[in-house]
Amino acid sequence: MISFLKPKMSSNEIPPEQVQKKYKLFRLQSLLGVFFGYMAYYIVRNNFALSTPYLKSELHLSATEVGLLSSCLLISYGISKGLMSSLADKADPKRYMALGLLMCAMVNIMMGFTTAFWIFAALVILNGIFQGMGVGPSFITIANWFPRKERGVVGAIWNISHNVGGGIVAPIVGVGFAMLGSNHWQAASYQVPAAVSIVFAMVVLVLTKGSPANEGLPPLNEIIKDEQDLSKRQQADSKAPEDMTAWQIFKNYVLFNKNSWFVSFVDVFVYMVRFGVISWLPIYLLNVKHFSKAEMSVAFLFFEWAAIPSTLLVGYISDKLFKGYRMPPAIIAMVLIFFCIIGYWQSGTLLGTTVFAAIIGCLIYIPQFLASVQTLEVVPPFAVGSAVGLRGFMSYILGASLGTTLFGVMVDRVGWNGGFYILLSATVCCIIFCVLTHLGAKELERNKSIPPKNHTA
């Protein structure tokens with residue numbers, strides 16, 4: 001790890017009487033830092049989708065070439081999310097996150113000067129690679145500063161950052177076109193969002209903090225007296241994490257951890273359903289349900305934005321009603337999704353189809369969000385990035401590709417019914433892995449009450 005990215009220990013220890021005050025301030029600043037940071041990652045990711053009409057008309061790219069560019073971004077991001085999140089375990093979260101955001105901005109600036117397809121493809125892949133540096137530091141920061149009993153609400157607040165970021169891309173690009181004109185569409189589409197993301201990279205550096213210990217505070221389990229730190233038990237039988245490489249952390253605490261695999265497969269099947277619906281929704285509604293383009297756009301909008309209130313609500317419910325257990329609400333959501341998929345598939349009215357699409361959109365982000373929070377709780381804090389990396393890699397490379405490619409193959413081979421059978425099967429598989437994840441979480445909770453073994457030299 002290069003010296004710039006290594007965690008820095010504060011030389012000043014916070015006096016005991018100021019610990020609570022500083023802790024509350026630092027954790028609020030850290031949450032805001034990763035919220036704005038991850039929001040900005042979406043500003044320099046989703047801007048590409050807005051530029052595709054101009055790529056076709058101005059650079060004379062075919063639909064196949066535009067589709068290939070989109071696939072390059074998705075695949076490179078999925079691979080990077082796995083690798084970069086693991087490397088984040090050994091880095092200072094704020095520097096790591098800010099560096100990735102700055103590199104995304106630099107790539108977008110270069111995209112503003114590029115007209116050759118293969119150079120453009122290379123830059124899109126680079127953008128996907130640097131995009132993978134955003135999510136790991138976010139989860140590591142939440143795990144460092146917030147106890148288990150608060151992570152549902154806090155995780156929900158952070159999670160809507162990508163909805164906010166995805167929502168403000170269009171106005172930012174619109175301002176760029178208003179300032180520069182349509183003749184400078186590349187600058188408006190890529191370089192203006194890049195400038196905005198550079199500002200937010202500075203915000204990340206200013207606001208986000210390392211771990212409490214890095215900031216001169218006691219460990220989290222000492223600040224929050226009722227916080228049972230799982231890492232204590234896990235470290236009792238292992239050498240200290242600072243003596244371990246990123247690969248050793250991944251191997252010892254994630255690769256051979258059944259619970260990290262359970263929660264990863266929850267995400268695989270959630271992404272399969274999510275991408276299976278959202279990727280094919282425009283074609284299905286226009287060609288099969290005979291929606292107009294305006295009616296299809298409304299259904300699309302409802303699918304995406306219905307997730308914001310449901311995510312915030314379920315974060316609170318999982319903390320308060322289910323006492324920190326994340327999977328029961330996810331199981332309920334997936335059972336409802338099963339029946340809503342049938343309704344979306346079989347409905348013969350415009351209103352009914354739109355309502356079922358909106359309910360699926362409202363519910364599908366619940367298990368996705370809860371899986372991300374559960375990931376924080378099945379590994380010790382120093383392995384969160386590695387666990388997030390495994391889950392991210394699996395969800396994009398396996399889940400998203402199955403939801404798009406396998407669905408399409410089934411539609412071509414046996415018709416739309418085959419595609420919906422795939423979605424229903426994925427929903428059932430997701431419920432199974434939610435149950436396994438829940439049982440694993442309960443087992444971990446029971447093990448916390450068992451004192452660690454004493455070792456002698």
Side-chain angles (χ1 to χ4, degrees), residues 151-152 155-156 159-160 163 258-281 302-319 321-347 353 355-378 391-392 394-396 398-404 406-407 410 419-442:
R151 288 175 186 165
N159 193 69
I160 65 172
N163 297 103
K258 65 179 182 179
N259 294 303
S260 66
W261 284 100
F262 289 159
V263 76
S264 294
F265 274 104
V266 169
D267 234 22
V268 165
F269 292 111
V270 167
Y271 270 67
M272 195 171 168
V273 175
R274 173 189 164 192
F275 278 87
V277 174
I278 196 65
S279 298
W280 294 96
L281 182 145
F302 283 160
F303 182 94
E304 284 291 341
W305 283 87
I308 295 178
S310 64
T311 300
L312 292 173
L313 176 62
V314 81
Y316 177 83
I317 290 174
S318 70
D319 278 345
L321 183 61
F322 292 98
K323 307 301 181 184
Y325 287 111
R326 312 301 174 186
M327 289 299 101
I331 293 170
I332 295 170
M334 291 308 299
V335 169
L336 293 174
I337 286 171
F338 182 90
F339 292 104
C340 287
I341 289 174
I342 296 174
Y344 173 70
W345 173 20
Q346 298 294 334
S347 176
T353 304
V355 168
F356 282 119
I359 295 175
I360 294 172
C362 177
L363 297 174
I364 195 61
Y365 289 97
I366 290 176
Q368 179 181 319
F369 152 64
L370 290 173
S372 67
V373 178
Q374 188 72 77
T375 305
L376 305 180
E377 297 163 0
V378 298
R391 185 174 58 83
M394 295 281 288
S395 61
Y396 271 89
L398 189 58
S401 60
L402 286 174
T404 52
L406 182 59
F407 189 102
M410 291 298 291
F420 281 103
Y421 287 136
I422 290 293
L423 296 185
L424 293 174
S425 300
T427 304
V428 172
C429 290
C430 185
I431 292 171
I432 292 172
F433 278 100
C434 283
V435 171
L436 291 174
T437 302
H438 179 63
L439 295 176
K442 294 189 73 173

Measure the shortest side-chain to side-chain distance between [X] and [Y] over non-hydrogen atoms and say whether it is less than 4.5 angstrom.
X: Thr427; Y: Phe269; answer: no
X: Asp319; Y: Arg326; answer: yes
X: Met334; Y: Ile337; answer: yes
X: Leu406; Y: Met272; answer: yes

How long is the gap from [atom1] on [X] to [atom2] on [Y], to the nearest 0.5 Å?
X: Trp261; Y: Met394; atom1: CH2; atom2: CE; result: 5.0 Å
X: Leu370; Y: Gln374; atom1: CG; atom2: CD; result: 8.5 Å
X: Gln368; Y: Arg391; atom1: CD; atom2: CZ; result: 7.5 Å
X: Met327; Y: Thr437; atom1: CE; atom2: OG1; result: 5.5 Å
X: Ser318; Y: Leu313; atom1: OG; atom2: CG; result: 10.0 Å
X: Ile366; Y: Ile332; atom1: CD1; atom2: CD1; result: 9.5 Å

Exactly one candidate in Val355, Ile341, Leu423, Leu336 meets side chain to side chain contact (heavy atoms under 4.5 Å, CB included) with Ile360; the answer is Ile341
For [X] against [Y], the heavy-atom pair lying closest together:
X: Thr375; Y: Ala371; value: OG1-O, 2.7 Å
X: Asn259; Y: Ala441; value: OD1-N, 4.4 Å
X: Gly155; Y: Phe369; value: C-CE1, 3.2 Å
X: Gly361; Y: Tyr365; value: O-CD1, 3.3 Å
X: Val266; Y: Cys430; value: O-SG, 3.7 Å
X: Gly152; Y: Val373; value: N-CG1, 4.3 Å

Take the angle between the ring planes of Phe433 and Phe265 and call it parallel below 30°, perpendicular above 60°, tilted in between.
parallel
Counting only N and O atoms by type, is there a donor-acceptor contact under 3.5 Å from the side chain of Ser395 to the main-chain atoms of Asp267?
no
Does Tyr344 offer a backbone N or O that forms a donor-acceptor pair with the side chain of Ser347 under 3.5 Å?
no
